[in-house]
*Asks:* 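Take a look at this one; I'll ask things after.
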Amino acid sequence: MALISASIPNLINGVSQQPASLRLNTQAELQENGLSTVVNGLEKRPATQHIATLANVPSSIDSAFIHTIRRDEAESYTMIITSGVLKVYDAAGVEQTVTSTPATAINYLSGLTDPSTEISATTIADYTFIVNKTKVVAKDTSNLTPSRPSEAMFYCKQGDYKTDFTIKVAYGGQTYTSTKQTLDSSNAANQSDVRTNKIMFDLDAGLNLPAGFTKQRLDNVLYIKRDDGAAFDVSATDSRGDTFLLAFKGQTADFKKLPPKGKEGFLIEVVGDNNKNQDDYYVQFQDPDGNGQLVWKEVTKPSIEKQFDNTTMPHQLIRNANGTFTFQPATWNERKAGDDDTNPFPSFVGYKLNDLFFHRNRLGVLSEENVIMSEVGSYFNFFQNTVLTLVDSAPIDVAVSNNQVSILKHAVPFSEQLLLFSDLTQFKLSAVDLLAPDTVSIDVTTQFEASLRAKPVGAGKYVFFPTKRGNFSGVREYFVDVEAETNDAADITSHVPDYVSGEVIKLSASSNEDMLACLTATNKSTVYVYKYYWGGQEKLQSSWSSWVFGGDVLNLDFNKSEIFMIIKRGSSVCLEKLDLSVDTSVSVMDNNHPVLLDRRVKLTTGGTTSLPYTDSTTIYVRQDGQTIASSDLAATLADNKVVYAGIPYTFKYKFSEQVMKNNDQPITIGRLQLRNWNIVYNDSGFFRAKVTPLRRSTNTTTFTGRNLGSINNLIGTVSIDSGTFTFPILSNSSNVDIELENDSFLPSTFQSAEWEGFYHERSRRI
C-alpha cells in the first residue's frame with residue numbers, strides 16, 4: 001500500500017449534480033459567491049457598491065416591470081413600472097421627472113396585476129417603446145377618412161365640327177339631358193364652336209336639374225353634386241365613338257382618361273388592371289403643395305377607419321433634451337391609400353401584442369402567430385403608402401406556418417436573422433437579400449419546449465432561453481453550426497438539472513465577460529451565474545454557481561464589465577453596482593487588495609462621511625486593512641484616512657468526492673483513504689479549510705495570509721500572499737466533506753488542488 005496523489009488542475013467548472021464518478025475533477029458539489037475565470041481561477045466574487053437608496057418606490061415593487069434604458073456607454077436609466085405608475089432613476093439613483101402627456105396617457109399602464117409579465121419594452125436612442133400586453137389593439141372608429149358628396153364630373157376632352165355631344169343625369173326616376181351639335185367647318189367663324197370649353201358651356205346651359213343639385217363649370221369640366229347626398233347616375237355620349245366627351249362618377253377603368261382640370265377634392269376609384277397585377281385604388285384632385293396646381297393624388301377610400309386607437313397602441317417614454325422624460329401615446333401613421341381589401345389594418349388589430357422589437361431598421365411587434373413590421377425607416381407606419389405597387393420598404397405582416405398553434409412570445413435579432421419563440425417551437429425569420437414583403441420567410445428552426453416568462457437574450461453568436469423542469473428550470477444555448485448548416489439549442493444545465501430553483505423571470509448576458517445571469521421567481525435572493533469559455537469550437541468552461549445577496553434581487557443588467565442591480569433589502573430598494581473588472585478599492589488600500597463587502601460605501605473627510613443606510617452587520621475597514629468600530633469612524637476620517645463600510649458575505653466551495661479512475665473509468669472495488677489536501681492559492685488574505693467526516697465534528701484550518709518568512713508578513717498591515725496551503729483530511733474519500741470558506745472582507749483566489757492518500761484494493765485487476 002503505497003502513498004499516492006492526484007491533482008485537480010483547476011477549480012473553474014462550477015457545480016455538477018452528476019454522481020461523483022461521472023463528474024469532471026474540476027467540478028464541485030457546491031459553489032456560492034465565487035467567480036470562476038480561466039485567467040484568475042476561482043475567486044471570491046466582487047462586492048456590490050451601494051449607489052443609492054431609491055426614493056418614492058412603488059409599494060408593489062416586488063411584481064414591477066424593470067427595464068434598463070441604456071442611452072450610451074456613459075448614460076443609463078432604470079425604468080420601473082407598476083399598475084398606473086412609471087418611475088425613472090438615473091445611474092446615480094436619482095429620480096427623474098416623468099410627465100404624462102396628456103395626463104390620461106398613464107392610464108395605458110392601469111389595471112396591471114403582474115407588470116413583470118404584462119409589460120414589454122424596447123429602447124431606440126431616446127425613445128423607449130412600452131407595450132401593455134393586456135391591451136387589445138383597436139381602430140379609432142370616431143375619426144374616419146373624409147366623406148365625399150354624391151358627385152360627378154363631365155369632361156370634354158376634344159371638340160370637332162359637326163359632332164353630337166350629350167350628357168345625362170338620372171335621378172328619382174327621371175333623366176335630365178343636355179345636347180349640343182357643333183357647327184360644320186364651312187365657315188371660319190365656326191371654329192370657336194368646337195372649343196372644349198364652349199362645348200361644355202353650352203351643355204351646362206342646357207342641363208336643367210331639379211332642386212337639390214349644384215353645378216359648377218370649370219373650363220371644359222362640369223362638376224355636379226347632390227346636396228343631400230342622394231344617389232344619381234350620369235352618362236356622356238358623342239358621335240365620335242364616345243371618346244370626346246367623358247363622364248366620371250364612382251369608378252373609372254382608366255386613370256389616363258381623368259381630366260387635368262376639375263373640382264378640387266373630387267374623388268374616384270380606379271379599377272385595377274389585372275394584366276399589370278394592379279389592385280383597385282382611389283385618387284383625389286388635390287393641391288398638395290398649396291400653389292394652386294391641382295394633381296391627382298392617391299388617397300384612401302372615403303368614410304372608413306384610417307388610424308389606430310392610439311390609447312391601445314404601444315406608448316413612448318421619451319428622454320427630453322433637458323433630462324426630463326415624457327410618457328405619451330405614440331403618433332402612429334394613418335392609412336393614406338386604398339381600402340380594407342387593398343391596404344387593410346395590420347393583423348394585430350383586435351388582438352393583444354406580445355412583444356416589440358427592432359430589426360433591420362424596422363419596428364416590429366408580435367401578435368398571436370403573426371410578425372408585423374413597420375415600413376423601413378418609418379417606425380410608426382404599418383400601412384402601405386401606395387397600393388399601386390408593392391415596394392421593398394413596405395410594411396411586413398406574415399404568419400408562422402406550423403402544424404400546431406404557435407403563439408409567438410418573444411423576438412430576438414440574431415445573426416442577421418430574427419429568432420421567434422413560442423412555447424414549443426423556435427422560428428427563424430429571414431430574407432435572401434433585402435427584407436421585403438415578397439422575400440420574407442419564416443421557417444421552423446428548432447423545436448424545444450421553452451419557459452418564456454423571461455425574454456431570451458443574445459450574447460455574441462449565442463442566444464440563451466429558459467426551460468421548465470417541474471420546480472426547477474433549465475437553460476438552452478441556441479447556436480448555428482456553420483459547418484453542418486444546422487441550428488441547435490444545447491442544454492447547458494444538463495449536468496445541474498435541479499440547480500436553478502423556480503421559474504426563470506430574467507436573463508441577462510454579457511459577451512465581454514462570457515457570463516449569463518438568471519433570476520428566478522422563488523429564490524429571489526440568489527443569482528444563478530453561468531460562466532463559459534470557448535476555445536475555437538471546443539467549450540473549455542461550462543460553470544454554474546450561485547451568488548447570494550442579503551435581499552431580493554429585483555433586476556440585473558450588464559453594462560460592459562459592470563452589473564447594475566436593483567435589490568430590495570428590508571423595506572429599502574437599493575441601486576447597487578458590481579464591477580467584474582478592476583475593483584475601485586484596490587487603488588485605495590495600502591496593500592492594493594479589494595474590500596469585499598456588499599453594499600460597500602467609501603467614506604472620506606471631503607466626501608461621504610456616514611453610512612447612507614442602517615445595517616447591524618456593517619463592518620468598517622480602514623485603508624491600511626484594519627477593521628475599526630463604528631465609534632472610531634469620526635476620528636479616523638478626521639485623520640484623513642479612507643474607510644470602506646459594508647456588509648460581509650460568505651464564499652463557499654465544496655469539493656466533489658474524489659474517485660479513483662483508470663482511463664477515466666471509475667474503480668469501485670477499493671477504499672481511498674485521504675491523508676492531506678493541498679490548495680494552490682494566489683493573492684489571498686483569508687480563508688478556511690473545513691473538513692467534516694461523516695458523523696463527526698468539523699475540523700477547521702484557517703489561512704490568515706501570514707506565512708513565516710514571507711516578505712508580505714509585516715506587522716501593522718494586512719498580508720496578501722500566494723503559495724500552497726496544506727491541511728489534513730485523514731478520512732475515507734466517500735465519507736468526508738471538504739470545503740473552502742471565506743467570510744471576511746479579504747480576497748481569496750484558488751488555482752488548483754492536490755491530495756495525498758492511500759488506496760486499498762480488495763482484488764487485483766487482470
Side-chain angles (χ1 to χ4, degrees), residues 44-57 71-78 88-97 322-323 549-551 559-567 569-570 572-649 683 685-686 714-720 744-747:
K44 187 175 182 179
R45 69 160 172 85
T48 67
Q49 302 170 43
H50 178 86
I51 297 176
T53 299
L54 303 184
N56 302 318
V57 173
R71 188 169 182 265
D72 52 43
E73 291 185 355
E75 186 177 358
S76 64
Y77 301 89
T78 298
V88 175
Y89 300 87
D90 66 10
V94 178
E95 184 178 0
Q96 305 298 290
T97 300
N322 61 1
F549 299 90
N559 185 1
K560 296 181 291 186
S561 293
E562 296 176 334
I563 302 177
F564 287 86
M565 294 184 286
I566 304 294
I567 303 179
R569 297 181 182 273
S572 300
V573 177
C574 309
L575 175 62
E576 301 181 30
K577 179 180 73 172
L578 190 151
D579 196 336
L580 295 169
S581 184
V582 178
D583 194 309
T584 55
S585 63
V586 171
S587 60
V588 176
M589 304 305 290
D590 289 350
N591 52 1
N592 297 324
H593 70 81
V595 179
L596 301 181
L597 297 173
D598 272 347
R599 214 178 177 186
R600 194 182 69 204
V601 178
K602 181 181 178 181
L603 305 176
T604 61
T605 302
T608 303
T609 58
S610 62
L611 200 63
Y613 57 85
T614 301
D615 193 298
S616 60
T617 62
T618 301
I619 291 178
Y620 295 85
V621 180
R622 206 166 52 199
Q623 69 184 55
D624 59 3
Q626 303 299 317
T627 59
I628 62 172
S630 59
S631 58
D632 296 330
L633 175 61
T636 304
L637 296 180
D639 196 27
N640 290 323
K641 301 291 185 181
V642 175
V643 175
Y644 283 102
I647 303 168
Y649 60 97
D683 292 335
F686 181 88
L714 301 176
I715 297 176
T717 65
V718 171
S719 178
I720 305 297
S744 80
F745 65 90
L746 295 171

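What you see below is based on every heavy atom in this structure, not just the backbone, and it leaves out hydrogens, waters and symmetry mates. Bear in mind that the values here come from a model prediction, so they are computed numbers and not experimental data.
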*Asks:* Who passes salt bridge (Lys or Arg N to Asp or Glu O under 4.0 Å) against Glu95, sequence neighbours left out?
*Replies:* Lys87
*Asks:* I need the Ile51 CD1 to Leu575 CG distance, nearest 0.5 Å.
*Replies:* 4.0 Å
*Asks:* When you compare the side chain of Thr618 with that of Ser630, does any pair of heavy atoms fall below 4.5 Å?
*Replies:* no
*Asks:* Give me the atom names and distance for the closest heavy-atom approach of Ile628 to Arg622.
*Replies:* CG2-NH1, 3.9 Å
*Asks:* Do we get Arg569 above Tyr613's six-membered ring, with its NZ or CZ under 6.0 Å from the centre and within 45° of the axis?
*Replies:*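 The answer is no, since Arg569 fails at least one limit relative to Tyr613.
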*Asks:* Any ion pair linking Asp598 and Arg45 (charged N to carboxylate O, less than 4.0 Å)?
*Replies:*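 Answer for the salt bridge query: yes.
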*Asks:* Compare every heavy atom of Leu746 with every heavy atom of Gly685, then report the nearest pair and how far apart it is.
*Replies:* O-CD1, 3.7 Å
*Asks:* Nearest 0.5 Å, what's the CG-NE2 distance between Leu597 and His50?
*Replies:*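 Taking CG in Leu597 and NE2 in His50, the distance rounds to 14.0 Å.
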*Asks:* Any donor-acceptor pair under 3.5 Å linking the side chain of Tyr89 with the backbone of Ala55?
*Replies:*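 Yes, Tyr89 side chain to Ala55 backbone: donor-acceptor pair under 3.5 Å.
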*Asks:* Given the ring of Phe745, does Arg600 sit roughly above its face, with NZ or CZ under 6.0 Å from the centre of the six-membered ring and within 45° of the axis?
*Replies:* no
*Asks:* Tell me, please, whether Phe686 has Lys44 positioned over its six-membered ring: NZ or CZ under 6.0 Å from the ring centre and within 45 degrees of its axis?
*Replies:*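 The answer is no; the distance or angle limit is not met.
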*Asks:* Just wondering, do Ile720 and Pro747 contact through their side chains at under 4.5 Å, heavy atoms?
*Replies:*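 Pro747 reaches Ile720 side chain to side chain.
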*Asks:* Is a side-chain N or O of Asp72 found less than 3.5 angstrom from the main chain of Glu75, in a donor-acceptor match?
*Replies:* yes
*Asks:* Taking C-beta and beyond as the side chain, do Thr48 and Phe549 meet within less than 4.5 Å on heavy atoms?
*Replies:* yes
*Asks:* Using a 4.5 Å cut-off on heavy atoms from C-beta on, say whether the side chain of Arg599 contacts that of Ile567.
*Replies:* no
*Asks:* Is there a side-chain contact between Leu603 and Val642 (heavy atoms, below 4.5 Å)?
*Replies:* no
*Asks:* Can you check whether Val621 reaches Thr627 side chain to side chain, under 4.5 Å on heavy atoms?
*Replies:*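 A side-chain contact exists here, since the closest heavy-atom pair is under 4.5 Å.
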*Asks:* Between the side chains of Thr617 and Asp615, does any donor sit under 3.5 Å from an acceptor?
*Replies:* yes
*Asks:* Got Pro46 and Asp579 here, is their nearest side-chain heavy-atom distance under 4.5 Å?
*Replies:*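 With C-beta onward as the side chain, the pair stays apart.
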*Asks:* Say you draw a straight line from CD of Glu576 to CD1 of Ile563; how long is it, rounded to the nearest 0.5 Å?
*Replies:*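 Between Glu576 CD and Ile563 CD1, I get 12.0 Å after rounding to 0.5 Å.
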*Asks:* Quick one: does Tyr644's side chain get under 4.5 Å of Val588's, heavy atoms only?
*Replies:*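 When only atoms from C-beta onward are counted, Val588 and Tyr644 do touch, with a gap below 4.5 Å.
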*Asks:* Once side-chain contact (heavy atoms from CB on, under 4.5 Å) is applied, do any residues pair with Asn322, and if so which ones, sequence neighbours excluded?
*Replies:* Asn320, Thr324
*Asks:* Which value, rounded to the nearest 0.5 Å, describes the distance between Thr584 atom OG1 and Lys577 atom NZ?
*Replies:*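 The NZ atom of Lys577 is 6.5 Å from OG1 of Thr584, to the nearest 0.5 Å.
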*Asks:* Which value, rounded to the nearest 0.5 Å, describes the distance between Leu596 atom CG and Ser585 atom OG?
*Replies:*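 The CG atom of Leu596 sits 7.0 Å away from the OG atom of Ser585.
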